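Here's the structure we're looking at; comments come further down.
Each residue takes its place number in the sequence, starting with 1. Note that this is a predicted model, so its numbers are computed, not measured.
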Amino acid sequence: MYNILIVDDEPLICKGLSNLLSSAGLDIENVFTAYSGHEALDYLRMEDIDLLVTDIQMGVMSGIELMHQAKIIKPWVQTIIISAHETFQYAQLAIRLGAKDYIIKPIQGDQFLDSVRNVLLKMEKNHLDQEQLLAKLRQDFHMDEPPPAIMEVLRRLMNDPANFADFALLKERYQIDLSGPYFSVIKVRLDLARDSEGHELTDRDRALLRYASLNIINELLEKEWSHCAFYSADREISIIIQWNENNFQEQGGSKINHLDMIGRSVHHNISRYLGVSCVVGISQILKGREFLGVLNEQARKAIDWNREHNDHNVFYYGDFNLRLYADDPTSEELSAQNNTIVREAKEYIDRNYMQKGLTLQEVAQKKHVSPNYLSYLFKKYTGYNVWEYVIKQRMEESKRLLMNTDLRRYEIAEKVGYESPEHFSKIFKKYFGVSPSDMKK
């Protein structure tokens, strides 16, 4: 069953769409409603949201900005945009960010339900167990593998990027232009030893799952990223991400967040839709294709950290501050470094939890690590995920203010970082089990 989040600054629209979905007979478990982008982000952080339906123009945070933030929090969340304006620029941007539909107000009930039904149906089709998937692939799947000659040239370049003739060969014969000048490398190591039932996979099934993994990667990246994905080893796929000067500046924001988002999305989709365990390693970004070999080695080293953290699956090379050590850090040195990251992150949250619009990305950026790695470490060392800890601090302070001052609900909400008293009350009741007014009594 699926969870849907509806976001619009007009409560009547939220209520109407929620009622429409609840009575439509679709495979829906919960329909959540939020009246602002910041309120919606709390639901995305706290609930297992599958589909986001959002207005494009809302108060402080637009639907486009909410889509950006949602992709960072959970890259696999599907989105439908609703808008009062049939603006090509908005529609184009929304589709580029992965929106599955763009619906113009006033909303027609049948059209809206058809749109939601199509998104959920596609998610359901993709969600086969591994044996069903393999049976389907064996029956009617034709593997149009990349030519071995291309993969051989790409493998050579990853090991010897000084061979400029290979760059020319890729461009002239295979129309693959690796001119950059900014590059990053992502490696995906697939566990293809056994199927989900523990039985040893045949060579044919390994080939099918490897090819299906490559297809998932290309489908995820083709609209938004200039990339080249290929088999770099028997059970490994390498992805070269590149930016030209204009794209590098236009995309803005933290490139770590972008790479982190790609890595988690690749891992989630391969694990969920193919039933294949995998580990993802992400390099830093360097300027100049002569550094492809360095980036290749960084991505490999990032994957190797799975040996130290076998309960984690997506690793960014820059998280480990290897420049601080003459050799690879020992387990004790790594543990001390991680303790410091978590302690300083907690201290930062303790000082800033009342800030409206506080994000995991902001906390991670202050600590110079990726949001993904900070989330993993914070949960491992404290038992809370980052946003659970933020809410804990906000709720404990709001309880103190409620019981020891005469401040009104909206004043307390303001002091602990909520722009909406109603949203504050929802979080308060979920956390304590009673409303602020009942606790006050």
Side-chain angles (χ1 to χ4, degrees), residues 1-23 28-55 58-61 63 66 69-70 73-74 77 346 349-360 362-363 375 378-379 382-441:
M1 299 185 78
Y2 298 100
N3 292 323
I4 298 177
L5 172 60
I6 300 170
V7 191
D8 198 300
D9 53 6
E10 298 182 52
L12 284 176
I13 290 181
C14 285
K15 186 176 180 180
L17 295 180
S18 176
N19 290 341
L20 197 61
L21 289 171
S22 299
S23 60
I28 296 172
E29 184 172 2
N30 294 298
V31 179
F32 302 98
T33 58
Y35 305 143
S36 72
H38 288 300
E39 186 177 346
L41 288 178
D42 268 353
Y43 281 111
L44 285 161
R45 292 164 180 139
M46 295 159 53
E47 307 290 347
D48 187 16
I49 303 296
D50 299 292
L51 173 61
L52 168 67
V53 179
T54 179
D55 188 16
M58 304 178 293
V60 177
M61 183 184 296
L66 176 58
Q69 292 295 326
I73 296 169
K74 291 175 181 170
V77 171
K346 280 184 69 178
I349 292 169
D350 291 343
R351 293 193 304 270
N352 295 280
Y353 67 83
M354 70 295 295
Q355 173 188 315
K356 289 181 184 176
L358 181 68
T359 64
L360 168 61
E362 178 184 333
V363 181
S375 293
F378 205 92
K379 180 77 172 180
T382 71
Y384 296 98
N385 70 39
V386 174
W387 204 249
E388 285 172 345
Y389 185 72
V390 171
I391 288 176
K392 174 180 179 293
Q393 298 304 89
R394 288 178 170 181
M395 292 299 103
E396 295 298 338
E397 175 63 7
S398 64
K399 179 182 177 182
R400 187 189 71 79
L401 292 171
L402 189 70
M403 304 304 289
N404 297 295
T405 73
D406 293 324
L407 292 173
R408 298 188 177 187
R409 183 185 62 157
Y410 75 88
E411 293 173 310
I412 294 175
E414 177 82 20
K415 281 187 174 293
V416 296
Y418 293 102
E419 62 179 14
S420 160
E422 291 74 25
H423 179 47
F424 162 70
S425 294
K426 283 185 194 175
I427 301 293
F428 190 97
K429 186 169 184 179
K430 181 168 184 172
Y431 189 85
F432 289 112
V434 295
S435 68
S437 56
D438 287 342
M439 180 175 281
K440 183 76 170 176
K441 291 174 186 175

Side-chain heavy atoms of Ile427 within contact of Met46, under 4.5 Å | yes
From CA spacing to verdict: side-chain contact (heavy atoms from CB on, under 4.5 Å), Val390, Val363 | CA-CA 11 Å; Val390 171; Val363 181; over 6 Å; no
Pair Ile4-Phe32, side-chain contact (heavy atoms from CB on, under 4.5 Å): steps then yes or no | CA-CA 6 Å; Ile4 298 177; Phe32 302 98; over 6 Å; no
Between Glu419 and Ser36: side-chain donor-acceptor atoms closer than 3.5 Å = yes
Residues Arg400, Glu397: salt bridge by 4.0 Å N-O rule | yes
Residues which pass side-chain hydrogen bond (donor to acceptor under 3.5 Å, both in side chains) with Asn3, listed by chain and number, not counting sequence neighbours | Asn30
side-chain contact (heavy atoms from CB on, under 4.5 Å) assessment of Ile6 paired with Leu21 | CA-CA 10 Å; Ile6 300 170; Leu21 289 171; 3.7 Å; yes
Results of salt bridge (charged side-chain N to carboxylate O under 4.0 Å, His left out) for Lys426 - residues two or more places apart only | Glu39
Hey, does Leu5 have a side-chain heavy atom less than 4.5 Å from the side chain of Thr54?
-> no
Taking side chain as C-beta onward, heavy atoms only, is Ile391 less than 4.5 Å from Tyr431?
-> yes
By side chain to side chain contact (heavy atoms under 4.5 Å, CB included) - contacts of Gln393 (at least two apart) | Asp350, Tyr353, Tyr389
So which heavy atom on Ser398 is nearest to which on Ile412, and how close?
-> CB-CG2, 3.6 Å
side-chain contact (heavy atoms from CB on, under 4.5 Å) between His38 and Leu66: does it pass, once the steps are laid out?
-> CA-CA 8 Å; His38 288 300; Leu66 176 58; over 6 Å; no
Within a reach of under 6.0 Å around NZ of Lys356, are more than 12 heavy atoms found that belong to other residues, nucleotides or ligands?
-> yes
Given Glu422 and Arg409, is the salt bridge (Lys or Arg N to Asp or Glu O under 4.0 Å) satisfied, shown in steps?
-> CA-CA 9 Å; Glu422 291 74 25; Arg409 183 185 62 157; 3.6 Å; yes
Within 45° of the ring axis of Tyr418 and under 6.0 Å from its six-membered ring centre, is that where the NZ or CZ of Arg394 lies?
-> yes
Looking at residues at least two apart in the chain, or sitting in another chain, which of them share a side chain to side chain contact (heavy atoms under 4.5 Å, CB included) with Lys415?
-> Leu401, Leu407
Tyr35 vs Met58 side-chain heavy atoms within contact, under 4.5 Å | no
With a 3.5 Å cut-off and no angle check, do the side chains of Asp438 and Ser435 form a donor-acceptor pair?
-> yes
Is there a donor-acceptor pair under 3.5 Å between the side chain of Asn385 and the backbone N or O of Glu388?
-> yes
If we only count heavy atoms from C-beta on, is the Phe428 to Met439 side-chain gap below 4.5 Å?
-> yes
Glu47 meets the side-chain hydrogen bond (donor to acceptor under 3.5 Å, both in side chains) criterion, sequence neighbours left out, with Lys430
Beyond-backbone contact of Ile28 with Met1, side-chain heavy atoms, under 4.5 angstrom = no
Lys74 atom NZ, over 12 foreign heavy atoms within 6.0 Å = yes
How far apart are the closest heavy atoms of Asn19 and Ser23, and which atoms are they?
-> O-OG, 3.0 Å
Examine distances only and state if a side-chain atom of Lys379 and a backbone atom of Val386 form a donor-acceptor pair shorter than 3.5 Å.
-> no
Closest heavy-atom contact between Pro436 and Leu402?
-> O-CD2, 3.3 Å
Beyond-backbone contact of Asn404 with Lys399, side-chain heavy atoms, under 4.5 angstrom = no
Compare all side-chain heavy atoms of Glu29 with those of Tyr2 and state whether any distance is below 4.5 angstrom.
-> no
Over all heavy atoms of both residues, which pair between Trp387 and Asp42 is shortest? Give the atoms and the distance, please.
-> NE1-OD1, 2.7 Å
Separation between CD of Gln355 and CG of Leu358, rounded to the nearest 0.5 Å = 5.0 Å
Let me check something: any side-chain donor-acceptor pairs from residues 7-15 under 3.5 Å, sequence neighbours excluded? List them with distances.
{"from": "Asp8", "atom 1": "OD1", "to": "Glu10", "atom 2": "N", "distance (Å)": "2.9"}
{"from": "Asp8", "atom 1": "OD2", "to": "Lys105", "atom 2": "NZ", "distance (Å)": "3.0"}

